[in-house]
There are 2 protein chains.
Amino acid sequence: MEFKEFTKIYEVSNQDISREVYRNNQNTIRIKKEITAVNNLEKIFNAVFYISYKKGFQAMSMRDLSQKTGMSLGSLYAYFKGKNDLLGIIQTQGWAIIKKDIEQVSKSHEAPLEKLKAVIKAHIFLSELFRPWFFFTFMEARNIAAVKSMEDHTQKILTDILVAGEKQDVFKPGNHHLTASIIKAMQQEWYLKQWKYKKLNVSVDQFADHLVGMVEAFCLV
Amino acid sequence: MEFKEFTKIYEVSNQDISREVYRNNQNTIRIKKEITAVNNLEKIFNAVFYISYKKGFQAMSMRDLSQKTGMSLGSLYAYFKGKNDLLGIIQTQGWAIIKKDIEQVSKSHEAPLEKLKAVIKAHIFLSELFRPWFFFTFMEARNIAAVKSMEDHTQKILTDILVAGEKQDVFKPGNHHLTASIIKAMQQEWYLKQWKYKKLNVSVDQFADHLVGMVEAFCLV
DNA sequence: GTCTATACGTGGATAGAC
DNA sequence: GTCTATCCACGTATAGAC
């Protein structure tokens, strides 16, 4: 599967995400008109990602955010209770995006190798589609327990596939936990070092294929 | 080479680092007695790493730092001009540690495969020895141009080895820039996700060997 | 729903005693 | 060299007009 294909199957836009956030937080968001709210939420998220990418969420002031969105300080506080609340909203949503996807993909395919390839690629493609969410979640949430448990969760999926593959004599024996962990690291690389791959002129598809190639070389009997 | 061996060859302690920092910054540091200065600098760095690991450097207040070091606010400012200055000092030193090592190691060995293994392992071992410095540098300096150029630099060393190996028919042809980049990502994993490998009970040596195994499987003809 | 004006607290930094 | 006390700016958050 290539990235283009993936985007057609996985039809979710940034607007959809903002709408989801709006509906999940209608109790705290003071805006009544959905269209207005969704549009502004999108503006807010983009601004947060932009500023946080450069200097981190903590260093971003509400005045920064006000300037970048073009909205006043007062308006912003109609969309979230406080800066900390905003952080929580983004993290929760980022988490939801990742979780939903992984579960979906890991159910498709049966053969271990095909399954492994599909899971690896799906995660990279998803992180490409929502790169700012992934980057932000990684950078700003590092020590939250929730994030660690999510890492464990997604890693377990990979480990299970490797173990199943070994039983079917498709994969070599070895420390599958460790292999799974390193695969995860390689996937993360794509959204953590975007600037590098832009400079190297490497596309998502190239990156994903290269990574799959490395995993195959190491795991296959 | 194993980690134990490495530590014997590379005989540098945290004290040595603090002393280096002291000597490099004698113009701005107001303390005259070296012993006092070096001891307190070490305390300061450890405190910075501890607090920043949990909430990031920006979120760390000078009062946090004062409490954790047991030194007063006033005293702290005798060691650096300001919070921003402190950040710069740590980053510069972190950078120096990495740079010095890599250059040293890349000169040893001649055969591409041996050289590749040595460079990969040395970096992992070094990052283990000075893990807080590496973690801090990665997390707090992500978008500084200096850091990007350093990434390029260390990556180039790996790329060159791969290219040389291909010419000697030891390594398969391929996108060596991309491979080098992914190797770097795998190395970084060791100090970025320390908590995970502690939980998995994976030692530095195991990790390094596993990684070398993956690279060999992929690169060797 | 969005704005401006403003209150209030926190945090970086310094002065000056010891 | 280190401390306490204090200054001042900046940033979060709210009130209330439009």
Side-chain angles (χ1 to χ4, degrees), chain A residues 18-19 21-23 25-48 50-52 54-90 140, chain B residues 18-19 21-23 25-48 50-52 54-90 140:
Chain A
S18 296
R19 190 172 304 110
V21 171
Y22 175 66
R23 288 180 183 167
N25 295 278
Q26 264 182 322
N27 44 332
T28 58
I29 295 176
R30 291 207 306 269
I31 312 300
K32 291 298 155 221
K33 273 172 75 180
E34 182 168 297
I35 310 167
T36 319
V38 171
N39 279 336
N40 281 331
L41 277 177
E42 210 182 329
K43 247 198 300 192
I44 291 169
F45 293 146
N46 285 335
V48 169
Y50 182 85
I51 301 166
S52 303
K54 299 203 160 180
K55 51 176 171 179
F57 184 79
Q58 292 283 358
M60 175 194 81
S61 72
M62 290 300 293
R63 285 182 167 88
D64 289 338
L65 188 58
S66 158
Q67 203 192 10
K68 188 76 193 167
T69 54
M71 297 165 72
S72 68
L73 274 176
S75 300
L76 288 175
Y77 281 93
Y79 289 83
F80 44 84
K81 277 192 300 220
K83 202 186 163 188
N84 220 40
D85 192 48
L86 174 60
L87 176 63
I89 288 172
I90 298 181
E140 307 299 341
Chain B
S18 295
R19 191 172 305 111
V21 172
Y22 176 66
R23 289 180 183 168
N25 295 278
Q26 265 183 320
N27 46 328
T28 59
I29 297 177
R30 291 207 306 267
I31 312 300
K32 290 298 156 223
K33 273 171 75 181
E34 181 168 298
I35 309 166
T36 319
V38 170
N39 279 336
N40 281 331
L41 277 175
E42 210 182 330
K43 247 198 302 191
I44 291 170
F45 293 146
N46 285 335
V48 169
Y50 182 85
I51 302 166
S52 303
K54 300 204 158 175
K55 51 177 171 178
F57 184 80
Q58 292 282 357
M60 176 194 80
S61 72
M62 290 301 292
R63 285 174 175 83
D64 290 337
L65 188 57
S66 159
Q67 202 193 12
K68 187 78 193 164
T69 53
M71 297 164 73
S72 68
L73 273 176
S75 300
L76 288 174
Y77 280 93
Y79 290 84
F80 43 84
K81 278 192 301 223
K83 202 185 163 188
N84 221 40
D85 192 47
L86 175 59
L87 177 61
I89 288 171
I90 298 180
E140 306 299 341

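Order of the sequence lines fixes the chain letters, A, B, ..., with proteins taken first and strands second; residue numbering starts at 1 for each chain.
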Does a sphere of radius 6.0 Å around NZ in A/K81 hold more than 12 heavy atoms from other residues, nucleotides or ligands, not counting ones at 6.0 Å or beyond? no

Whether the side chain of B/Y22 engages the backbone of B/I31 through a donor-acceptor N/O pair (distance < 3.5 Å, no angle test) should be reported. yes

Here the gap from B/M60 atom CE to B/K55 atom NZ, rounded to the nearest 0.5 Å, amounts to 9.0 Å

What is the distance, rounded to the nearest whole Å, between atom CG of A/D85 and atom P of D/dA13? 9 Å

Can you measure from CG (B/N40) to OH (B/Y79) and round to the nearest 0.5 angstrom? 3.5 Å

Nearest-Å distance, CD (B/Q67) to P (D/dT4)? 13 Å

Write down the distance between CG (A/N39) and C1' (C/dT2), rounded to a whole number of angstrom. 15 Å

Partner of A/V48 under side chain to side chain contact (heavy atoms under 4.5 Å, CB included), picked from A/L86, A/D64, A/I89, A/T69, is A/L86

Gap between atoms CE and P, on B/M71 and D/dT2 respectively (whole Å): 6 Å

Indicate, with a heavy-atom threshold strictly under 4.0 Å, whether B/F80 touches base, sugar-phosphate, or nothing. nothing

Protein-proximity profile, nucleotides 4-18 of chain C, B/S/- by nucleotide at the 4.0 Å heavy-atom cutoff, equals B------BBBB----

Hey, does the side chain of B/K83 reach the backbone of B/Q58 with a donor-acceptor pair shorter than 3.5 angstrom? yes

